[in-house]
Amino acid sequence: MPSKISRPLACASLIVSLFSTSLAWAEEKASCGEEAPCEIENGQYYIHLPETRQDDGPLGAILYLHGHRGKALNAIRNKGFQRIADELGVAFVAVQGVNGTWSFPTAPRSLRNESQFFDEVLDDLASRFDIDKDRTMLSGFSSGGFMTWYLACEDSGRFSGYAPIAGAFWEPLPENCPTENPYLFHVHGTSDTVVPLAGRWLGGGQWKQGDVFESFDVWRRQNGLTDAKPQKLTDGNLECERWTPEGGLFELCLHDGGHSVQANWIKRAWRELGSMKGWNEKS
(Lines give C-alpha, C1' and ligand atoms only; values in the text may rest on other atoms or scores of the structure.)
Protein backbone atom coordinates (compact mmCIF):
# COMPACT_ATOMS: atom_id res chain seq x y z
CA MET A 1 0.00 0.00 0.00
CA PRO A 2 1.41 3.47 -0.90
CA SER A 3 2.27 5.76 2.00
CA LYS A 4 0.02 8.72 2.90
CA ILE A 5 2.52 11.25 1.66
CA SER A 6 3.28 9.66 -1.72
CA ARG A 7 0.25 11.11 -3.52
CA PRO A 8 0.82 14.73 -2.34
CA LEU A 9 4.46 14.41 -3.32
CA ALA A 10 3.49 13.06 -6.72
CA CYS A 11 1.06 15.96 -7.23
CA ALA A 12 3.69 18.47 -6.16
CA SER A 13 6.18 16.90 -8.55
CA LEU A 14 3.64 17.09 -11.37
CA ILE A 15 2.93 20.77 -10.63
CA VAL A 16 6.64 21.59 -10.61
CA SER A 17 7.08 19.72 -13.88
CA LEU A 18 4.16 21.53 -15.52
CA PHE A 19 5.41 24.88 -14.22
CA SER A 20 8.90 24.20 -15.54
CA THR A 21 7.51 23.22 -18.94
CA SER A 22 5.32 26.31 -19.03
CA LEU A 23 8.23 28.55 -18.01
CA ALA A 24 10.48 27.02 -20.65
CA TRP A 25 7.78 27.57 -23.29
CA ALA A 26 7.32 31.19 -22.20
CA GLU A 27 11.06 31.83 -22.34
CA GLU A 28 11.28 30.23 -25.77
CA LYS A 29 8.27 32.26 -26.96
CA ALA A 30 9.87 35.54 -25.89
CA SER A 31 13.43 34.65 -26.92
CA CYS A 32 13.47 36.76 -30.05
CA GLY A 33 14.11 40.35 -30.86
CA GLU A 34 16.72 42.52 -32.55
CA GLU A 35 18.74 40.10 -34.73
CA ALA A 36 17.04 36.96 -33.36
CA PRO A 37 14.00 36.22 -35.57
CA CYS A 38 10.52 35.65 -34.18
CA GLU A 39 9.23 32.48 -35.81
CA ILE A 40 5.53 31.99 -36.51
CA GLU A 41 3.69 29.35 -38.50
CA ASN A 42 4.10 30.87 -41.97
CA GLY A 43 7.21 33.00 -41.67
CA GLN A 44 9.26 35.24 -39.43
CA TYR A 45 9.85 38.82 -38.42
CA TYR A 46 12.43 40.81 -36.44
CA ILE A 47 11.63 43.44 -33.85
CA HIS A 48 13.43 46.37 -32.27
CA LEU A 49 11.80 47.66 -29.09
CA PRO A 50 12.25 51.32 -28.11
CA GLU A 51 14.85 52.16 -25.51
CA THR A 52 12.22 53.75 -23.28
CA ARG A 53 8.46 53.49 -23.05
CA GLN A 54 6.07 56.32 -22.28
CA ASP A 55 3.94 54.20 -19.96
CA ASP A 56 3.07 50.62 -19.11
CA GLY A 57 0.39 50.41 -21.80
CA PRO A 58 0.59 48.55 -25.12
CA LEU A 59 3.15 49.72 -27.67
CA GLY A 60 2.47 51.14 -31.09
CA ALA A 61 4.39 49.55 -33.96
CA ILE A 62 5.74 50.37 -37.41
CA LEU A 63 5.97 47.31 -39.65
CA TYR A 64 8.38 47.47 -42.58
CA LEU A 65 8.55 45.34 -45.73
CA HIS A 66 11.87 45.03 -47.60
CA GLY A 67 12.36 45.30 -51.35
CA HIS A 68 12.79 42.49 -53.91
CA ARG A 69 15.27 39.84 -52.74
CA GLY A 70 15.77 41.85 -49.57
CA LYS A 71 16.28 40.68 -46.02
CA ALA A 72 14.40 41.81 -42.95
CA LEU A 73 17.60 41.27 -40.97
CA ASN A 74 19.25 44.13 -42.85
CA ALA A 75 16.30 46.39 -42.05
CA ILE A 76 16.41 45.62 -38.33
CA ARG A 77 20.14 46.42 -38.34
CA ASN A 78 19.49 49.83 -39.90
CA LYS A 79 20.44 52.45 -37.31
CA GLY A 80 18.11 55.01 -38.89
CA PHE A 81 15.11 52.72 -38.43
CA GLN A 82 16.15 51.92 -34.87
CA ARG A 83 16.53 55.62 -34.12
CA ILE A 84 13.03 56.60 -35.28
CA ALA A 85 11.56 53.78 -33.19
CA ASP A 86 13.42 55.07 -30.12
CA GLU A 87 12.42 58.68 -30.82
CA LEU A 88 8.76 57.82 -31.36
CA GLY A 89 8.58 55.28 -28.55
CA VAL A 90 7.26 52.51 -30.80
CA ALA A 91 8.38 49.07 -31.91
CA PHE A 92 10.00 48.70 -35.33
CA VAL A 93 9.13 45.38 -36.95
CA ALA A 94 10.93 44.11 -40.06
CA VAL A 95 8.93 41.35 -41.75
CA GLN A 96 10.54 38.72 -43.98
CA GLY A 97 9.14 37.82 -47.40
CA VAL A 98 9.35 34.26 -48.76
CA ASN A 99 12.65 33.98 -50.65
CA GLY A 100 12.88 37.77 -50.44
CA THR A 101 9.59 38.27 -52.34
CA TRP A 102 5.97 39.26 -51.62
CA SER A 103 2.94 37.46 -53.03
CA PHE A 104 0.64 40.35 -53.89
CA PRO A 105 -2.25 39.50 -56.28
CA THR A 106 -0.46 40.41 -59.54
CA ALA A 107 3.01 39.18 -58.55
CA PRO A 108 4.79 36.67 -60.82
CA ARG A 109 4.59 33.98 -58.12
CA SER A 110 2.32 33.20 -55.21
CA LEU A 111 4.36 31.63 -52.41
CA ARG A 112 2.23 32.48 -49.37
CA ASN A 113 -1.20 33.67 -48.34
CA GLU A 114 0.01 37.12 -47.29
CA SER A 115 -3.34 38.22 -45.83
CA GLN A 116 -3.34 35.27 -43.45
CA PHE A 117 0.34 35.75 -42.71
CA PHE A 118 0.01 39.42 -41.69
CA ASP A 119 -2.92 38.56 -39.43
CA GLU A 120 -0.63 35.99 -37.78
CA VAL A 121 2.13 38.59 -37.42
CA LEU A 122 -0.22 41.07 -35.73
CA ASP A 123 -1.64 38.41 -33.41
CA ASP A 124 1.85 37.28 -32.44
CA LEU A 125 3.03 40.84 -31.83
CA ALA A 126 0.04 41.49 -29.58
CA SER A 127 0.50 38.35 -27.50
CA ARG A 128 4.30 38.27 -27.39
CA PHE A 129 5.18 41.97 -27.11
CA ASP A 130 1.91 43.65 -26.05
CA ILE A 131 1.62 45.57 -29.32
CA ASP A 132 -1.54 47.65 -29.69
CA LYS A 133 -3.21 46.51 -32.94
CA ASP A 134 -5.04 49.85 -33.08
CA ARG A 135 -1.75 51.78 -33.32
CA THR A 136 0.12 50.20 -36.19
CA MET A 137 1.44 51.46 -39.50
CA LEU A 138 2.61 49.37 -42.44
CA SER A 139 5.44 50.70 -44.57
CA GLY A 140 7.32 49.05 -47.39
CA PHE A 141 9.96 49.89 -49.97
CA SER A 142 9.87 48.93 -53.66
CA SER A 143 8.39 45.42 -53.78
CA GLY A 144 7.44 45.91 -50.15
CA GLY A 145 5.68 49.07 -51.30
CA PHE A 146 3.67 47.03 -53.85
CA MET A 147 2.60 44.69 -51.05
CA THR A 148 1.67 47.65 -48.85
CA TRP A 149 -0.63 49.08 -51.54
CA TYR A 150 -2.43 45.78 -52.02
CA LEU A 151 -2.93 45.18 -48.30
CA ALA A 152 -4.40 48.69 -47.98
CA CYS A 153 -6.72 47.95 -50.91
CA GLU A 154 -7.83 44.57 -49.57
CA ASP A 155 -8.56 45.52 -45.95
CA SER A 156 -7.54 49.00 -44.83
CA GLY A 157 -8.56 48.23 -41.24
CA ARG A 158 -5.83 45.64 -40.76
CA PHE A 159 -3.38 48.48 -40.04
CA SER A 160 -4.09 52.00 -38.80
CA GLY A 161 -2.17 53.54 -41.68
CA TYR A 162 0.03 52.79 -44.68
CA ALA A 163 3.28 54.41 -45.81
CA PRO A 164 4.48 52.79 -49.07
CA ILE A 165 7.70 54.04 -50.67
CA ALA A 166 8.54 53.61 -54.37
CA GLY A 167 5.89 51.01 -55.13
CA ALA A 168 2.19 51.06 -56.12
CA PHE A 169 -0.24 48.71 -57.92
CA TRP A 170 0.74 46.49 -60.87
CA GLU A 171 -1.25 46.15 -64.07
CA PRO A 172 -3.99 45.31 -64.46
CA LEU A 173 -4.81 47.79 -61.71
CA PRO A 174 -7.80 46.93 -59.52
CA GLU A 175 -11.02 48.61 -60.65
CA ASN A 176 -11.76 49.50 -57.02
CA CYS A 177 -10.78 48.60 -53.48
CA PRO A 178 -13.50 46.80 -51.48
CA THR A 179 -12.67 48.43 -48.16
CA GLU A 180 -12.91 51.71 -46.29
CA ASN A 181 -10.49 54.47 -47.23
CA PRO A 182 -7.03 54.01 -45.72
CA TYR A 183 -4.71 56.66 -44.35
CA LEU A 184 -2.10 56.31 -47.09
CA PHE A 185 1.14 58.32 -47.28
CA HIS A 186 3.09 57.52 -50.44
CA VAL A 187 6.65 58.72 -51.22
CA HIS A 188 8.30 58.39 -54.65
CA GLY A 189 11.34 59.75 -56.46
CA THR A 190 10.83 61.56 -59.75
CA SER A 191 14.18 60.16 -60.97
CA ASP A 192 13.40 56.57 -59.99
CA THR A 193 14.31 54.19 -62.83
CA VAL A 194 13.79 50.93 -60.91
CA VAL A 195 10.13 51.67 -60.16
CA PRO A 196 9.39 54.70 -62.37
CA LEU A 197 6.34 56.83 -61.65
CA ALA A 198 4.88 55.63 -64.96
CA GLY A 199 5.74 51.98 -64.20
CA ARG A 200 7.73 49.64 -66.45
CA TRP A 201 7.59 46.22 -68.06
CA LEU A 202 9.35 43.25 -66.46
CA GLY A 203 10.10 39.67 -67.46
CA GLY A 204 10.35 40.40 -71.17
CA GLY A 205 6.92 41.99 -71.23
CA GLN A 206 5.13 39.49 -68.98
CA TRP A 207 4.38 41.88 -66.12
CA LYS A 208 4.10 45.63 -65.72
CA GLN A 209 4.51 47.82 -62.68
CA GLY A 210 1.60 50.21 -62.54
CA ASP A 211 1.58 53.97 -62.95
CA VAL A 212 1.63 55.69 -59.54
CA PHE A 213 -0.79 58.44 -60.58
CA GLU A 214 -3.21 55.87 -62.02
CA SER A 215 -2.91 53.88 -58.79
CA PHE A 216 -4.06 56.95 -56.87
CA ASP A 217 -6.88 57.35 -59.39
CA VAL A 218 -8.33 54.02 -58.23
CA TRP A 219 -8.96 55.59 -54.82
CA ARG A 220 -9.85 59.05 -56.12
CA ARG A 221 -12.35 57.67 -58.62
CA GLN A 222 -14.31 55.62 -56.10
CA ASN A 223 -14.42 58.64 -53.77
CA GLY A 224 -15.56 61.14 -56.39
CA LEU A 225 -12.26 63.03 -56.20
CA THR A 226 -11.15 62.70 -59.83
CA ASP A 227 -11.52 66.42 -60.50
CA ALA A 228 -10.83 67.59 -56.96
CA LYS A 229 -7.80 69.82 -56.48
CA PRO A 230 -5.43 68.48 -53.83
CA GLN A 231 -4.01 70.38 -50.91
CA LYS A 232 -0.35 71.14 -51.65
CA LEU A 233 2.37 71.20 -49.00
CA THR A 234 6.14 71.04 -48.69
CA ASP A 235 7.96 69.10 -46.00
CA GLY A 236 11.77 69.05 -46.22
CA ASN A 237 12.69 67.49 -49.56
CA LEU A 238 9.12 66.33 -50.19
CA GLU A 239 6.54 68.09 -52.36
CA CYS A 240 3.17 66.65 -51.47
CA GLU A 241 -0.40 66.57 -52.73
CA ARG A 242 -3.14 65.50 -50.35
CA TRP A 243 -6.75 64.44 -50.91
CA THR A 244 -9.06 64.19 -47.91
CA PRO A 245 -12.21 62.15 -48.57
CA GLU A 246 -14.85 61.43 -45.98
CA GLY A 247 -12.73 59.15 -43.86
CA GLY A 248 -9.11 58.29 -44.61
CA LEU A 249 -6.45 60.25 -46.50
CA PHE A 250 -4.49 59.94 -49.75
CA GLU A 251 -1.14 61.69 -49.96
CA LEU A 252 1.46 61.60 -52.73
CA CYS A 253 4.85 63.06 -51.84
CA LEU A 254 7.57 63.40 -54.48
CA HIS A 255 11.31 64.06 -54.18
CA ASP A 256 13.82 64.61 -56.97
CA GLY A 257 15.91 61.55 -56.11
CA GLY A 258 15.95 57.98 -57.37
CA HIS A 259 15.01 54.59 -55.94
CA SER A 260 15.65 55.12 -52.24
CA VAL A 261 14.14 55.06 -48.77
CA GLN A 262 14.77 57.39 -45.84
CA ALA A 263 13.81 56.66 -42.25
CA ASN A 264 12.59 60.24 -41.81
CA TRP A 265 9.88 59.68 -44.43
CA ILE A 266 8.50 56.84 -42.34
CA LYS A 267 8.84 58.90 -39.17
CA ARG A 268 6.93 61.76 -40.80
CA ALA A 269 4.11 59.43 -41.88
CA TRP A 270 3.79 58.05 -38.34
CA ARG A 271 3.59 61.53 -36.85
CA GLU A 272 1.02 62.66 -39.42
CA LEU A 273 -1.01 59.52 -38.81
CA GLY A 274 -0.76 59.94 -35.04
CA SER A 275 -1.96 63.53 -35.29
CA MET A 276 -4.97 62.47 -37.36
CA LYS A 277 -5.74 59.56 -35.04
CA GLY A 278 -5.19 61.55 -31.86
CA TRP A 279 -2.38 59.39 -30.55
CA ASN A 280 -0.20 60.85 -27.81
CA GLU A 281 3.26 59.82 -29.01
CA LYS A 282 6.62 61.27 -28.07
CA SER A 283 7.72 64.22 -30.21
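No side-chain heavy atom of Phe216 sits less than 4.5 Å from a side-chain heavy atom of Pro230. Side-chain contact between Phe81 and His48 is absent, with no heavy-atom pair separated by less than 4.5 Å. The shortest distance between side-chain heavy atoms of Phe104 and Trp149 does not fall below 4.5 Å. Within the 4.5 Å cutoff, side-chain heavy atoms of Arg268 are placed close to those of Cys253. Residues Ile165 and Ser139 are in side-chain contact: their nearest non-hydrogen atoms beyond the backbone lie under 4.5 Å apart. Using a 4.5 Å cut-off on side-chain heavy atoms (C-beta onward), Arg128 and Ile40 make contact. At least one side-chain heavy atom of Val212 sits under 4.5 Å from a side-chain heavy atom of His186. At a threshold of 4.5 Å between non-hydrogen side-chain atoms, the residues Lys208 and Leu202 do not count as touching.
If you check the side chains of Tyr45 and Asp124, you find a donor sitting under 3.5 Å from an acceptor. Ser142 and His259 form a side-chain donor-acceptor contact under 3.5 Å, judged by distance and modelled atom types alone.
Leu197 contributes atom CG, which lies 7.5 Å from atom CG of Leu252 (distance to the nearest 0.5 angstrom). A distance of 14.0 Å separates OH of Tyr162 from CG of Leu249, quoted to the nearest 0.5 Å. Rounded to the nearest 0.5 Å, atoms CG (Asp227) and CZ (Arg220) are 8.0 Å apart. Note: Leu88 CG to Ile62 CD1 = 5.5 Å, rounded to the nearest 0.5 Å. Residue Leu122 holds its CG atom at 10.0 Å from CZ of Phe117, rounded to the nearest 0.5 Å. Leu73 contributes atom CG, which lies 5.5 Å from atom CD of Glu35 (distance to the nearest 0.5 angstrom).
For Gln206, the CD atom is densely surrounded, since the number of other residues' heavy atoms within 6.0 Å is greater than 12.
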Could you go through the side-chain contact (heavy atoms from CB on, under 4.5 Å) check for Leu59 and Phe129 one step at a time?
-> CA-CA 8 Å; Leu59 275 173; Phe129 295 104; 6.0 Å; no
Could you check Trp102 against His66 for ring pair (Phe, Tyr, Trp, His ring centres under 6.0 Å), going step by step and ending with a plain yes or no?
-> CA-CA 9 Å; Trp102 302 104; His66 58 73; 4.9 Å; yes
Tell me, with the steps shown, if Phe159 and Thr148 meet side-chain contact (heavy atoms from CB on, under 4.5 Å).
-> CA-CA 10 Å; Phe159 296 93; Thr148 301; over 6 Å; no
May I have the step-by-step check of side-chain contact (heavy atoms from CB on, under 4.5 Å) for Leu125 and Ile47, ending in yes or no?
-> CA-CA 9 Å; Leu125 285 170; Ile47 186 168; 3.9 Å; yes
Ring pair (Phe, Tyr, Trp, His ring centres under 6.0 Å) evaluation trace for Trp170 with Phe146 | CA-CA 8 Å; Trp170 278 31; Phe146 303 145; 5.4 Å; yes
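Placement of Trp207 and Met147 within a single hydrophobic cluster is found when ILVMFWY residues are connected by side-chain heavy-atom separations under 4.5 Å, directly or transitively. Hydrophobic clustering of Ile, Leu, Val, Met, Phe, Trp and Tyr side chains at less than 4.5 Å, counting indirect connections, keeps Leu233 apart from Phe250.
Looking at residues two or more places apart in sequence or on another chain, you find no salt bridge (charged side-chain N to carboxylate O under 4.0 Å, His left out) involving Lys229. By the salt bridge (charged side-chain N to carboxylate O under 4.0 Å, His left out) test, Glu34 is found to be paired with no residue, residues two or more places apart in sequence or in another chain being considered. With sequence neighbours excluded, no residue forms a side chain to side chain contact (heavy atoms under 4.5 Å, CB included) with Ser191. When the salt bridge (charged side-chain N to carboxylate O under 4.0 Å, His left out) test is applied to Glu154, the partners found at least two apart in sequence or on another chain are Arg158. Scanning for salt bridge (charged side-chain N to carboxylate O under 4.0 Å, His left out) contacts around Asp132 gives Arg135, with sequence neighbours left out.
Members clustered with Val98: Leu111, by chain and number, using a 4.5 Å side-chain heavy-atom cutoff among hydrophobic residues.
Of the candidates Glu114, Glu120, Arg112, Glu120 is the only one forming a side-chain hydrogen bond (donor to acceptor under 3.5 Å, both in side chains) with Asn42.
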